[in-house]
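What follows is a single structure, written as structure tokens, with notes after it.
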Amino acid sequence: MLPGPTNVPERVMRAMYVPMINHRSDDFVELYEDCVEKTKKVFMTNGEAVCLSASGTGAVEASVVNLIKKGDKVIIPVNGEFSSRLSQMLEWAGATTIKLETPPGENASFEAVKEAFDNNKDVKAFYCVWNETSTGTMINYLDRVKDLTSRNDSYYVVDGVSIVGGEELKVDKWGIDIATTGAQKAFAAPPGISPIVVNERTKKYMIENPPNTMYFNLPRYFKYYEESKHTPFTPALPLLYAYREAMNMILEEGLDNRIRRHRICSGALYSGLSTIGLTPFAKEDSRSTVVIALNYLEGLEDKTFRNTLAQKFRVLVAGGFGNLKGKVFRSCYENNFFYCFYTRYDGLQSRCKSWSQHCRREIKRTLIPVNLYKEIQKRCTLTFGNGTLILIDYTAKVKNTDEVFDTTIEAAAKKHSLHDPNIKYQPKLISIGEKWVIKGLDDALVNTSVGDKKTIEVTPDKGFGERDSGKVRMIPLRKLGEDAEKVSIGDTIEVDNKKGVIRFIGSGRVQIDYNHRFAGKTIVYDVNVLKELKSDEEKTTEILRKDIPVDNDKISFKKNGNVLDISIPQEIFRIDGLQIIKHLAQVDIFKFVPTLEKINFIETHVNKATKPQQKKSEDTKTKSQDIKKTAKTK
Ligand code: PLP
């Protein structure tokens with residue numbers, strides 16, 4: 001729950017697991033162009049975007065060194081650690097800063113900014129930290145600043161490091177010239193990529209007045225991109241893959257939905273925590289919707305609180321820094337949502353008799369609204385991301401006829417006369433978004449959550465396809481050879497390696513329908529979402545249960561560090577396709593448990609010449625082991 005780097009979805013982590021590419025290759029061009037275009041969408045700009053291989057400070061510094069020259073006048077609100085750093089950077093670049101200082105938890109008002117513009121007609125730029133992460137305050141008049149900067153065409157620059165992607169930002173519409181963020185915050189990507197967007201007029205200014213710097217020299221980035229879609233220096237390639245996937249997730253969720261989610265959740269957390277006495281730290285008109293600061297409960301000491309939280313609840317939060325060191329702890333919940341608590345503990349330790357007891361009690365109280373938040377988040381977000389492994393039970397039928405044709409439940413198979421003793425009736429393993437089931441079902445599962453029982457209708461376009469009259473053919477009966485005498489209407493037959501159903505026989509000809517049996521039909525799935533698989537062990541178990549055609553209690557594996565040993569059950573030593581089974585299993589396991597380095601398939605052959613007595617005791621041992629394993633599984 002650290003307030004950045006925020007939790008990174010597995011799907012984003014997995015995107016990095018690719019071979020290294022040449023950063024002067026077509027592969028890179030495809031990757032980087034995608035990152036740039038998607039960044040522009042998230043920032044809502046048609047200007048330039050550069051995805052710097054740097055932390056957020058790098059992008060903020062680039063906004064300074066490429067624009068500010070010695071003697072430039074800059075207006076900047078200062079109310080915490082990050083705005084102080086930014087004003088320091090501006091001064092180091094030679095600017096004269098007009099600081100609009102307010103106490104932590106408060107923002108300079110729009111009127112104060114306007115007054116500063118009124119009094120400084122020669123101002124070169126307005127810089128601001130949109131979301132002051134150290135105190136949980138957010139400037140909420142970004143859309144109005146253009147009225148001031150447009151008076152003398154001064155530049156408008158936004159450090160959006162902890163908020164872009166979680167709150168509304170319309171760079172072009174709001175007349176923002178430069179905006180930045182860091183991927184490890186509300187984008188929920190790993191740290192190391194920090195985008196900066198720059199509009200046309202600012203780009204022109206930078207090119208005409210290039211900075212005396214190499215790595216953050218933006219004109220150089222523009223030139224390389226224009227000429228070859230490359231970056232001037234070696235970029236953090238794996239991080240760009242992760243970054244792109246994070247962008248995909250943001251755009252799939254939709255910016256509006258994502259912003260709404262953050263607003264709902266922060267609202268719930270503010271009000272939920274207020275009811276138990278944790279009042280918001282920021283003044284009402286300055287409160288952030290992505291970083292929440294609360295007045296700490298009286299008597300709760302920062303270090304004890306965080307230690308207890310870590311040891312008893314296995315929850316990590318970060319301490320404060322800058323002026324708030326020891327007074328603030330900052331925390332993030334799930335990906336891209338953070339909140340922090342402002343501690344007011346001076347001198348209170350001595351008044352509390354049992355610190356650990358006190359802390360535990362207070363933590364419990366604190367966590368109640370956290371659970372409330374979790375619940376709200378569950379309700380207003382897409383519940384499963386692509387690549388999430390889930391288990392479902394389902395029964396499928398044709399909508400118009402109610403003909404049940406597929407099920408994962410043995411009792412249902414028997415009831416509808418579908419039962420096949422060779423089939424393993426068990427919950428179906430699905431990797432969301434990867435078409436392990438037909439598209440319509442796959443798409444609908446994204447919006448479910450564990451425990452849901454849903455009826456999902458799948459129309460032909462997302463199911464077995466529309467009927468195609470071109471797939472119904474007449475062929476001479478004699479082409480069926482010996483079968484010509486035996487077939488009748490409704491039979492399924494294979495001709496030219498294709499299976500079809502006989503629709504008509506007569507005049508020495510036979511009409512065969514090669515359409516899928518359910519083409520043109522709407523299918524109804526009754527689905528029960530049973531479980532989301534999270535641990536490596538759960539994932540491995542279910543992949544093996546899916547792939548290995550024996551009773552589940554005969555499947556066993558053991559993980560030693562990064563090596564997985566899978567025992568092949570004796571009864572399938574000689575079956576056809578064992579190699580394929582092993583191949584599919586290892587592909588899936590490596591995919592979903594990427595930390596594994598090796599998989600061994602072990603076939604243990606028992607000496608048949610062993611004395612009967614000995615064999616008997618072996619058998620007994622195996623049996624008792626099996627029983628133990630079954631009991632464990634249950
Ligand atoms: N600006 C703001 C508003 C931030 O919140 C942060 C980091 O939390 C930074 C700048 C610096 O980012 P980084 O630590 O990635 O360099």
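Computed from a predicted structure; not experimentally measured. Whatever order the structure lists them in is the order used to number ligands and atoms, beginning at 1.
Considering backbone and side-chain N/O of Val60, none are found under 3.5 Å from N/O of ligand 1. Checked against a 3.5 angstrom limit, the closest N/O atoms of Ser55 and ligand 1 fall inside it.
In this structure, Lys146 is not positioned above the aromatic face of Tyr156 in the sense of NZ or CZ being under 6.0 Å from the six-membered ring centre and within 45° of the axis.
Look at Glu208 and Lys204 and you find a salt bridge, because one of the NZ, NE, NH1 or NH2 atoms lies within 4.0 Å of a carboxylate O, short of that distance.
Listed by number with element, the atoms of ligand 1 under 4.0 Å from a non-hydrogen atom of Lys185 are 7 (C), 8 (O). Counting the atoms of ligand 1 from 1 in the order shown, those under 4.0 Å from a heavy atom of Ser162 are 5 (O). Below 4.0 Å from some heavy atom of Val129 lie the following atoms of ligand 1, by number and element: 3 (C). Within ligand 1, counting atoms from 1 as listed, the ones closer than 4.0 Å to a heavy atom of Asn131 are 3 (C).
Taking both residues in full, the closest heavy atoms of Pro77 and Cys128 are given as CD-CB, 4.0 Å, listed atom of the first, atom of the second, then distance. Of all heavy-atom pairs between Thr231 and Arg24, the closest is O-NH1, 2.8 Å.
Residues satisfying the salt bridge (Lys or Arg N to Asp or Glu O under 4.0 Å) criterion with Glu284, sequence neighbours excluded, are absent altogether.
Counting heavy atoms from C-beta outward, Arg11 and Met249 have side chains that approach closer than 4.5 Å.
With a 4.0 Å heavy-atom cut-off, ligand 1 is reached by the side chain of Gln184 but not by its N, CA, C or O. Contact annotation for Thr57 and ligand 1: heavy atoms of both the backbone and the side chain come within less than 4.0 Å of the ligand.
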